Amino acid sequence: MRISVSSDMDEPVARALVAELHGRGHDVVTHGALRPGADPRWAVCSEAAARDVAGGTSQQAVVCCWTGTGASIAANKVPGVRAALCTDARTADGARRWNDANVLALSLRLTSEPLLKEILDAWFTAEPSEDAEDRENVTHVDRLDRARTGG
């Protein structure tokens, strides 16, 4: 799977994230502080990774900033993106399962390497729910996106 990764800082956990994704066999596209010469501002690099997902050049993305909040906000402004800030494995599982999230947002401050692996395990193991109510909620969010962008 092709996964875009952005970080506003070149922190050890961000480097560990890229290495872990490569180790799991994913093709990784980097943005922000992880890519020499790229704009490292959280709003800019998170948008770039999210646009990769929305445009179909990446299947998923992981966006990072100090708290993860700004990265998730910026990513969620891109139509078609459902970014979820996850600080633990159960939240990552639920985000994929019930929200069909396609962008994982992480806090550089809170995420240790062992926790990172647990979150990624849950994220990649979970499948989007086929439950009618869950699908209706995701469809409703998609309609909100289209209404906001006039699409």
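Remember, predicted model here, so these are calculated numbers, not experimental data.
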What about [X] and [Y], same hydrophobic cluster or not, with Ile/Leu/Val/Met/Phe/Trp/Tyr joined at side-chain heavy-atom distances under 4.5 Å?
| X | Y | answer |
| --- | --- | --- |
| Met1 | Val5 | yes |
| Val29 | Val18 | no |
| Leu116 | Leu104 | yes |

Which residues satisfy the side chain to side chain donor-acceptor pair (under 3.5 Å) test with [X], sequence neighbours excluded?
| X | value |
| --- | --- |
| Thr30 | none |
| Asp121 | Arg24 |
| Asp93 | Arg97 |

Spatial distance of atom [atom1] ([X]) from atom [atom2] ([Y]) [nearest 0.5 Å]:
| X | Y | atom1 | atom2 | value |
| --- | --- | --- | --- | --- |
| Arg15 | Met9 | CZ | CE | 11.5 Å |
| Thr69 | Trp42 | OG1 | CH2 | 9.0 Å |
| Cys86 | Leu110 | SG | CG | 12.5 Å |
| Ile3 | Asp27 | CD1 | CG | 9.0 Å |
| Leu120 | Leu17 | CG | CG | 6.0 Å |

Distance-only check: which donor-acceptor pairs under 3.5 Å involve side-chain atoms of residues 48-65, not counting sequence neighbours?
| from | atom 1 | to | atom 2 | distance (Å) |
| --- | --- | --- | --- | --- |
| Arg51 | NE | Glu47 | OE2 | 2.8 |
| Arg51 | NH2 | Glu47 | OE2 | 3.2 |
| Asp52 | OD2 | Ser4 | OG | 2.5 |
| Asp52 | OD2 | His31 | NE2 | 2.7 |
| Thr57 | OG1 | Asp52 | O | 3.2 |
| Ser58 | OG | Ser4 | OG | 2.7 |
| Gln59 | OE1 | Arg2 | N | 2.7 |
| Gln60 | OE1 | Trp123 | NE1 | 2.6 |

Which heavy-atom pair separates [X] from [Y] by the least distance, and what is that distance?
| X | Y | answer |
| --- | --- | --- |
| Pro128 | Arg135 | CB-NH1, 3.9 Å |
| Leu108 | Ala14 | CD2-CB, 4.0 Å |
| Ser129 | Asp131 | OG-N, 3.0 Å |
| Thr91 | Leu85 | CG2-O, 4.0 Å |
| Ile119 | Asp88 | CG1-C, 3.6 Å |
| Thr87 | Leu115 | O-CD2, 3.5 Å |

With a 3.5 Å distance limit and no angle check, can you tell me whether [X] reaches the backbone of [Y] through a side-chain donor-acceptor pair?
| X | Y | answer |
| --- | --- | --- |
| Ser107 | Trp66 | yes |
| Arg96 | Thr125 | no |
| Asn102 | Gly80 | yes |
| Asp145 | Val141 | no |

Run the numbers on Arg82 and Asp100 for salt bridge (charged side-chain N to carboxylate O under 4.0 Å, His left out), then give the verdict.
-> CA-CA 7 Å; Arg82 290 177 302 283; Asp100 195 6; 3.4 Å; yes
Using a cut-off of 6.0 Å, state whether more than 12 heavy atoms not belonging to Arg90 lie near its atom CZ.
->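 No, CZ of Arg90 has 12 or fewer neighbouring heavy atoms, counting only those of other groups under 6.0 Å.
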Are Asp142 and Thr139 linked by a side-chain donor-acceptor pair shorter than 3.5 Å?
->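 The answer is no; no qualifying pair exists.
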Ring pair (Phe, Tyr, Trp, His ring centres under 6.0 Å) partners of residues 8-30, not counting sequence neighbours, each pair once |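 Qualifying pairs: His26-Phe124.
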Candidate pair Leu34 and Asp10, rule side-chain contact (heavy atoms from CB on, under 4.5 Å), full reasoning = CA-CA 6 Å; Leu34 301 173; Asp10 185 6; 4.0 Å; yes
With clusters built from Ile, Leu, Val, Met, Phe, Trp and Tyr whose side-chain heavy atoms come within less than 4.5 Å, directly or transitively, what are the remaining members of the cluster of Val138, listed by chain and number?
->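 Result for Val138 is none, singleton.
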